[in-house]
Undergrad: 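A single structure is presented below for examination.
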Amino acid sequence: METYAQHSIRHCMDMIAPFEMSKGHEEDGQLQFYQFMTALYHDMYQRPEEYMVFPKPYEEYMEKLKEQGAQREKEHVTNARESTLRNTFQQAIQFYASCLYRIGVNSKGIENQTGALMIQKEDYNDVGEQMNRIHESQYNPRRYEVLEKGGIRISERGGIVYIVHREYPRMMEGIVYLCKAPDSKYRWMNFLRLDFKNAYSPIPTVDDICKTLSDRSSKAVKRLEKSLSGMKARAKIKPLRGIVSDFKWKVEYAYKGKNICGFYADREYFMLCIYFNHFQNINGFAKVLYEEDYDLLRWFEKQFPERLCACPNNRRVYFGGEPRRICGLSNRAEIVNPDDQDMDRAFYVLRKYRNIGL
């Protein structure tokens, strides 16, 4: 069976962009880095322990929780132990990309004769210090050995560290291209996704997102975009801080200065959101549906996850006299993996609530 750590590695592979080189640049360096990283993730999936990714502690803890019946989603309990174990293996998965990214950002460019990446020794040492701040950093020396076994060669001359790959002699060009892109909130994301096409663009596009989704989710996104096309709604794409399994695409659509809807998505999951901004707005719209369309009200009610936590942001809303406790920080309908009928209802609710012509 696939472990959760392997699931996270597979998620990384799913979130990588299809290879599309940047305009006006030779393919070799970019393609070689793309091939190196995708091969690394594929091998890591098959042999996680060889990459110092240890699935067992998390699997054993989650099995113990299951036996105790301790998972209480509606109570919205944060489990610090579960979070630490998950962060531990996820940081190990992203160690290799993170290390190469930090080296690339601090590099002085490529040596023409050898194709080696050049970085000041003190900057290279600083990268090592930064990488020692992750969980289980005691395995870092063995992680560097993994990179060495994978073909990376490191040497030093005159205070400069030279890094090159044995089989991919131009690979460092791909690293430097991504890392020397204009500093923006998307640069790290573009590096993780090996997105050479968008590395120097202001933002990715929704079409780029669809290339990483399942056909069903991609179809849902395109239906959403088509439904909003006449409204001049503007898409805002949130940057990914990671590409392991906790990270999904988040897109929000703004209309007349307010976020009205959005979605979270990856290859296995799609959630359409309709924003109501305040819990009293949910109450008011539920009253409208109660008077006009009771069947739609019952569907509408099911799109608000019940939260039984005792936090101060918990709110009570009413759907035709029936109370439900929700998170007052989100105040949104959450339509998970919608079918065509769900999408039709969601668009109707959105347009009716926002008083947009139906």
Side-chain angles (χ1 to χ4, degrees), residues 9 12-13 16-17 19 21-22 25-54 89 91-134 136-181 187-188 190-196 199 243:
I9 298 166
C12 292
M13 295 187 283
I16 289 175
F19 179 72
M21 59 179 286
S22 59
H25 287 78
E26 295 184 24
E27 180 181 76
D28 289 354
Q30 296 178 12
L31 179 59
Q32 286 181 13
F33 182 50
Y34 191 94
Q35 291 172 328
F36 171 81
M37 287 302 300
T38 52
L40 183 147
Y41 284 127
H42 277 94
D43 194 45
M44 185 190 297
Y45 181 87
Q46 298 296 330
R47 306 183 302 151
E49 290 87 355
E50 295 295 317
Y51 289 80
M52 309 306 117
V53 177
F54 303 109
F89 73 70
Q91 286 180 0
I93 292 169
Q94 289 202 162
F95 172 90
Y96 304 93
S98 181
C99 180
L100 294 174
Y101 176 77
R102 293 174 189 270
I103 288 172
V105 166
N106 289 282
S107 71
K108 303 302 179 185
I110 300 294
E111 186 181 49
N112 291 331
Q113 185 177 359
T114 64
L117 179 150
M118 301 179 293
I119 180 173
Q120 293 281 353
K121 183 179 179 180
E122 60 182 296
D123 292 333
Y124 180 77
N125 291 338
D126 284 344
V127 170
E129 289 296 320
Q130 293 168 16
M131 299 311 300
N132 284 335
R133 296 170 190 164
I134 69 170
E136 295 189 338
S137 60
Q138 71 270 22
Y139 295 111
N140 284 2
R142 293 170 64 184
R143 293 181 176 117
Y144 294 123
E145 289 177 7
V146 168
L147 290 173
E148 183 179 355
K149 289 177 181 178
I152 287 182
R153 297 291 178 261
I154 300 174
S155 59
E156 181 200 339
R157 298 192 308 272
I160 302 293
V161 174
Y162 296 84
I163 306 174
V164 72
H165 194 280
R166 184 181 59 224
E167 283 83 24
Y168 297 125
R170 298 186 61 181
M171 180 182 108
M172 298 299 153
E173 295 175 13
I175 294 177
V176 170
Y177 181 83
L178 292 172
C179 292
K180 295 304 182 181
R187 184 169 69 175
W188 167 235
N190 290 333
F191 182 88
L192 284 173
R193 299 190 63 241
L194 306 173
D195 193 352
F196 294 98
I243 57 172

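All of these numbers come straight from a predicted model, not from anything done at the bench.
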Undergrad: Within a strict 4.5 Å, meaning less than it, do heavy atoms of the Val146 and Leu40 side chains meet?
TA: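 Result no, sub-4.5 Å side-chain heavy-atom pair not found.
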Undergrad: Taking all non-hydrogen atoms of both residues into account, name the closest pair between Tyr144 and Cys99 and its distance.
TA: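 Taking Tyr144 first and Cys99 second, the nearest heavy atoms are CE2-SG, 3.8 Å.
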Undergrad: So which atom in Met37 and which in Ala97 form the shortest heavy-atom distance, rounded to 0.1 Å?
TA: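 Taking Met37 first and Ala97 second, the nearest heavy atoms are CE-CB, 4.0 Å.
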Undergrad: Could you tell me whether the side chain of Ser137 reaches within less than 4.5 Å of the side chain of Met131, counting heavy atoms only?
TA: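 Counting from C-beta outward, Met131 and Ser137 never come under 4.5 Å.
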Undergrad: Can a side-chain donor-acceptor contact be found between Arg187 and Tyr101 if the only test is distance below 3.5 angstrom?
TA: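 A pair is found: one side chain offers a donor N or O, the other an acceptor, under 3.5 Å apart.
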Undergrad: Give a yes or no on whether a salt bridge exists between Glu173 and Arg170, defined as a side-chain N under 4.0 angstrom from a carboxylate O.
TA: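 Salt bridge flag = yes for Arg170 with Glu173.
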Undergrad: So do Tyr162 and Ile119 actually touch side chain to side chain, heavy atoms under 4.5 Å?
TA: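 No. Closest side-chain heavy atoms not under 4.5 Å.
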Undergrad: Leu178 and Leu194: which non-hydrogen atoms are nearest, and at how many Å?
TA: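 Leu178 and Leu194 have their closest heavy atoms at CD1-CA, 4.3 Å.
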Undergrad: So that I can tick it off, tell me whether Arg157 and Glu111 are bridged by a salt bridge, with the cut-off set at under 4.0 angstrom between side-chain N and carboxylate O.
TA: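 A salt bridge is present here (some side-chain N lies under 4.0 Å from a carboxylate O).
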Undergrad: Nearest 0.5 Å please: distance from the CD atom of Gln94 over to the CD1 atom of Ile243.
TA: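 Between Gln94 CD and Ile243 CD1, I get 6.0 Å after rounding to 0.5 Å.
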Undergrad: Is there side-chain contact between Phe196 and Leu31, with heavy atoms separated by less than 4.5 Å?
TA: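 No, their side chains stay 4.5 Å or more apart.
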Undergrad: Got Gln138 and Glu136 here, is their nearest side-chain heavy-atom distance under 4.5 Å?
TA: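 Side chain of Gln138 against side chain of Glu136, heavy atoms only: contact under 4.5 Å found.
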Undergrad: Under a 3.5 Å cutoff, is there a donor and acceptor pairing between the side chains of Asn106 and Asp126?
TA: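 No - no donor-acceptor pair under 3.5 Å links their side chains.
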Undergrad: Minimum heavy-atom separation for Val105 to Cys179, with atom names?
TA: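 Val105 and Cys179 have their closest heavy atoms at N-CB, 3.5 Å.
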Undergrad: Suppose we call two aromatic rings close when their centres sit under 6.0 Å apart. Are Phe95 and Tyr139 close by that rule?
TA: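 No, too far apart.
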Undergrad: May I ask you to check whether Tyr177 and Ser22 show a side-chain donor-acceptor distance below 3.5 Å?
TA: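 There is such a pair between these side chains.
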Undergrad: For the pair Met118 and Val161, evaluate side chain to side chain contact (heavy atoms under 4.5 Å, CB included) and give the outcome as yes or no after the intermediate values.
TA: CA-CA 6 Å; Met118 301 179 293; Val161 174; over 6 Å; no
Undergrad: Under the side chain to side chain donor-acceptor pair (under 3.5 Å) rule, what pairs show up with a residue in residues 34-45, not counting sequence neighbours?
TA: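 Passing the test, one end in residues 34-45: Glu2-Tyr45, Asp43-Arg47, Asp43-Tyr51.
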Undergrad: Evaluate Ile175 against Phe191 for side chain to side chain contact (heavy atoms under 4.5 Å, CB included), listing each step before the verdict.
TA: CA-CA 8 Å; Ile175 294 177; Phe191 182 88; 4.2 Å; yes
Undergrad: Are the side chains of Ile152 and Phe36 in touch, meaning some heavy atoms are under 4.5 Å apart?
TA: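 SC-SC contact between Ile152 and Phe36 confirmed.
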Undergrad: Going by ring pair (Phe, Tyr, Trp, His ring centres under 6.0 Å), name the residues that satisfy it together with Tyr124, two or more places apart in sequence or in a different chain.
TA: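 Once residues adjacent in sequence are excluded, Tyr124 has no partner under the ring pair (Phe, Tyr, Trp, His ring centres under 6.0 Å) criterion.
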Undergrad: Can you check whether Ser107's main-chain N or O pairs, donor with acceptor, with Asp123's side chain at less than 3.5 Å?
TA: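 No; judged by distance alone, with no hydrogens or angles, the pair does not exist.
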Undergrad: Quick one: closest heavy-atom pair of Ile163 and Met172, and the distance?
TA: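 Nearest pair, atom of Ile163 first, then Met172: O-CG, 3.3 Å.
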Undergrad: Counting C-beta onward and ignoring hydrogens, is there a side-chain heavy-atom pair between Ile160 and Gln120 closer than 4.5 Å?
TA: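 Result yes, sub-4.5 Å side-chain heavy-atom pair found.
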Undergrad: Examine distances only and state if a side-chain atom of His165 and a backbone atom of Phe33 form a donor-acceptor pair shorter than 3.5 Å.
TA: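 Such a contact is absent between His165 side chain and Phe33 backbone.
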Undergrad: Nearest 0.5 angstrom please: Met44 CE to Met52 CE, how far?
TA: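 Rounded to the nearest 0.5 Å, the CE-CE separation comes to 10.5 Å.
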Undergrad: Are there more than 12 heavy atoms of other residues, nucleotides or ligands under 6.0 Å from atom CG of Asn132?
TA: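 More than 12 heavy atoms, drawn from other residues, nucleotides or ligands, come within 6.0 Å of this atom.
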Undergrad: What is the minimum heavy-atom distance between Cys12 and Ile93, and which atoms define it?
TA: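 What the structure gives for the nearest pair is SG-CG2, 3.9 Å.
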Undergrad: With a cut-off of 6.0 Å (strictly less than), are more than 12 heavy atoms of other residues, nucleotides or ligands near CZ of Arg153?
TA: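 Count over threshold, so yes.
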Undergrad: I'd like to know whether Ile154 forms a side chain to side chain contact (heavy atoms under 4.5 Å, CB included) with Glu148, so could you lay out the CA-CA distance, the side-chain angles of the two residues, the decisive distance to 0.1 Å, and finally the verdict.
TA: CA-CA 8 Å; Ile154 300 174; Glu148 183 179 355; over 6 Å; no
